[in-house]
Visitor: 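Here it is, the structure, as structure tokens.
Please read all numbers here as calculations on a predicted model, not as lab measurements.
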Amino acid sequence: MKVILSVVLFACAVLPARAAIEEFPDAFTPKAAEKPNAEPEKAKEAARQAAEAAEGDEGEEEVVVVRTTKRKLAPQKPPVELPPVPTLEESIDAKRLIHHFCRAWKNEDYKRMYWAMSDEYRGGTSLEKFTKLFVDNKASNGGLDDERIDGDEKLVADGTQLSVTLTWRFPKAPKKSVKAVAVKTKEGYRMRACALIPIDLDDL
């Protein structure tokens, strides 16, 4: 009898409890320990990093504006062409000046020849007229081929005189012996009007 009574009491206690568990299982299931929500912390970290990046970008993109003023350049003047006067070495004495004059004559550099003349001569004769004298002279003899200074210098009233023999390019043109006169100046010797200059046929 005791055994039967015990079984009856167990059934009365256990069966209702099992039914309650089956009907409300959540009430009897132990809940896992709730983990703290990490989403707010991640959001805060992301916001902090974004702020730092923004500050860095502002520093890198700083633009400095420099204003410049345009200056108008003055028009450049063309270089002044200096006359081809004889050098001191070329005009240190009468002989060297005559050789300088004749060398320019052979090269048909009439402008250089003109500037080997004295100021007095150039004051009364233009470069164009001077050039024409030698161009006209070339038509008859082909131009100067060579020169030879004969004898020594001779002092005359208007400077230093030398005898010069001229040879022309045309083989049949006869040689010509002339008297060349140079005068001493502050810049060296210069040629004066003399027989070395062709005759101006326009004046005849």
Visitor: With sequence neighbours excluded, tell me which residues meet side chain to side chain donor-acceptor pair (under 3.5 Å) with S126.
Guide: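 For S126, no residue satisfies side chain to side chain donor-acceptor pair (under 3.5 Å) once neighbours in sequence are set aside.
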Visitor: Verify, without hydrogens or angle tests, whether N141 (side chain) and G143 (backbone) share a donor-acceptor contact under 3.5 angstrom.
Guide: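 At least one qualifying donor-acceptor pair exists.
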Visitor: Not counting sequence neighbours, which residues clear side chain to side chain donor-acceptor pair (under 3.5 Å) with R96? List them please.
Guide: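 For R96, no residue satisfies side chain to side chain donor-acceptor pair (under 3.5 Å) once neighbours in sequence are set aside.
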Visitor: Please enumerate all residues that pass side chain to side chain donor-acceptor pair (under 3.5 Å) together with T125, with sequence neighbours excluded.
Guide: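 T125 satisfies side chain to side chain donor-acceptor pair (under 3.5 Å) with no residue once adjacent residues are dropped.
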Visitor: If the condition is salt bridge (charged side-chain N to carboxylate O under 4.0 Å, His left out), which residues does E153 pass it with, not counting sequence neighbours?
Guide: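 Scan of E153 (salt bridge (charged side-chain N to carboxylate O under 4.0 Å, His left out), adjacent residues dropped) gives none.
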Visitor: Donor-acceptor pair, R169 side chain versus L144 backbone, under 3.5 Å?
Guide: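 Indeed, once roles are kept as given, a pair shorter than 3.5 Å links the two residues.
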Visitor: How would you list, by chain and number, every residue that makes a salt bridge (charged side-chain N to carboxylate O under 4.0 Å, His left out) with K138, sequence neighbours excluded?
Guide: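 For K138 the salt bridge (charged side-chain N to carboxylate O under 4.0 Å, His left out) partners, ignoring immediate neighbours, are E108.
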Visitor: Treating Y114 as the side-chain partner and R122 as the backbone partner, does any N or O pair qualify as donor plus acceptor under 3.5 Å?
Guide: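 Confirmed, Y114 side chain pairs with R122 backbone.
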Visitor: Please tell me whether M117 and V135 are part of a single hydrophobic cluster in this structure, the criterion being side-chain heavy atoms less than 4.5 Å apart.
Guide: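 M117 and V135: one cluster.
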Visitor: Might you point out which heavy atoms bring M191 and A180 nearest each other, and give the distance in Å?
Guide: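 Here M191 and A180 meet closest at CE-CB, 4.2 Å.
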Visitor: Give every donor-acceptor pair under 3.5 Å between a side-chain atom in residues 77-89 and any protein atom, sequence neighbours left out.
Guide:
from: E81; atom 1: OE2; to: K111; atom 2: NZ; distance (Å): 3.3
from: T87; atom 1: OG1; to: E90; atom 2: N; distance (Å): 3.2
from: T87; atom 1: OG1; to: E90; atom 2: OE1; distance (Å): 3.3

Visitor: Taking side chain to side chain contact (heavy atoms under 4.5 Å, CB included) as the test, write out the residues that go with T165, two or more places apart.
Guide: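 T165 satisfies side chain to side chain contact (heavy atoms under 4.5 Å, CB included) with R148, D150, K175, S177 once adjacent residues are dropped.
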Visitor: With a 4.5 Å limit on heavy-atom distance, are the side chains of T160 and V181 in contact?
Guide: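 Counting from C-beta outward, T160 and V181 never come under 4.5 Å.
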Visitor: Checking K184 now: which residues fulfil salt bridge (charged side-chain N to carboxylate O under 4.0 Å, His left out) with it, not counting sequence neighbours?
Guide: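 Per chain and number, K184 pairs via salt bridge (charged side-chain N to carboxylate O under 4.0 Å, His left out) with no residue.
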Visitor: Are V183 and M113 connected, step by step, through hydrophobic side chains (Ile, Leu, Val, Met, Phe, Trp, Tyr) whose heavy atoms are closer than 4.5 Å?
Guide: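 Different clusters: V183 never reaches M113 through Ile, Leu, Val, Met, Phe, Trp or Tyr contacts under 4.5 Å.
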Visitor: Taking all non-hydrogen atoms of both residues into account, name the closest pair between D146 and K106 and its distance.
Guide: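 Scanning both residues completely, I find the closest heavy atoms to be OD1-NZ, 3.8 Å.
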Visitor: Sequence neighbours left out, what pairs pass ring-ring contact (aromatic ring centres under 6.0 Å, His included) with at least one residue falling in residues 138-177?
Guide: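 Residue pairs passing ring-ring contact (aromatic ring centres under 6.0 Å, His included), neighbours aside: W105-W168.
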Visitor: Heavy atoms only: give me the nearest Y110-F130 pair and the separation to one decimal.
Guide: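 Closest approach of Y110 to F130, heavy atoms only: O-CE2, 3.5 Å.
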Visitor: In Å and rounded to the nearest 0.5 Å, what is the CG to NE2 distance from L97 to H99?
Guide: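 Reported value, rounded in 0.5 Å steps: 10.5 Å.
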Visitor: Distance check, rounded to the nearest 0.5 Å: S91 atom OG versus H100 atom NE2?
Guide: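 NE2 of H100 is found 8.0 Å from OG of S91.
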Visitor: A182 and Y189: which non-hydrogen atoms are nearest, and at how many Å?
Guide: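 What the structure gives for the nearest pair is CB-CD2, 4.0 Å.
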Visitor: Just wondering, do K179 and S163 contact through their side chains at under 4.5 Å, heavy atoms?
Guide: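 With C-beta onward as the side chain, the pair touches.
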Visitor: List in chain and number order the residues that pass ring pair (Phe, Tyr, Trp, His ring centres under 6.0 Å) with W115, two or more places apart in sequence or in another chain; answer none if no residue qualifies.
Guide: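 Ring pair (Phe, Tyr, Trp, His ring centres under 6.0 Å) list for W115, sorted by chain: empty.
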Visitor: Between atom CG of D200 and atom CG of L133, what is the distance when rounded to the nearest 0.5 Å?
Guide: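 D200 CG to L133 CG: 5.0 Å, rounded to 0.5 Å.
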Visitor: Can you tell me how far apart CG (N107) and SG (C102) are? Round to the nearest 0.5 Å.
Guide: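 The distance works out to 11.5 Å.
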Visitor: Could you tell me whether E120 atom CD has more than 12 heavy atoms of other residues or ligands within 6.0 Å of it?
Guide: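 It does not: E120 CD has 12 such atoms or fewer within range.
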Visitor: Restricting to salt bridge (charged side-chain N to carboxylate O under 4.0 Å, His left out), what partner residues turn up for D136, sequence neighbours left out?
Guide: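 Scan of D136 (salt bridge (charged side-chain N to carboxylate O under 4.0 Å, His left out), adjacent residues dropped) gives K132.
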Visitor: Identify, with sequence neighbours excluded, every residue that meets ring pair (Phe, Tyr, Trp, His ring centres under 6.0 Å) alongside F101.
Guide: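 Here no residue qualifies.
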Visitor: Does a side-chain N-to-carboxylate-O contact under 4.0 Å join R103 and E147?
Guide: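 The answer is no: the pair does not qualify as a salt bridge.
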Visitor: For the atom pair CD1 (I98) and SG (C194), what is the distance rounded to the nearest 0.5 Å?
Guide: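 One finds 7.5 Å between CD1 of I98 and SG of C194.
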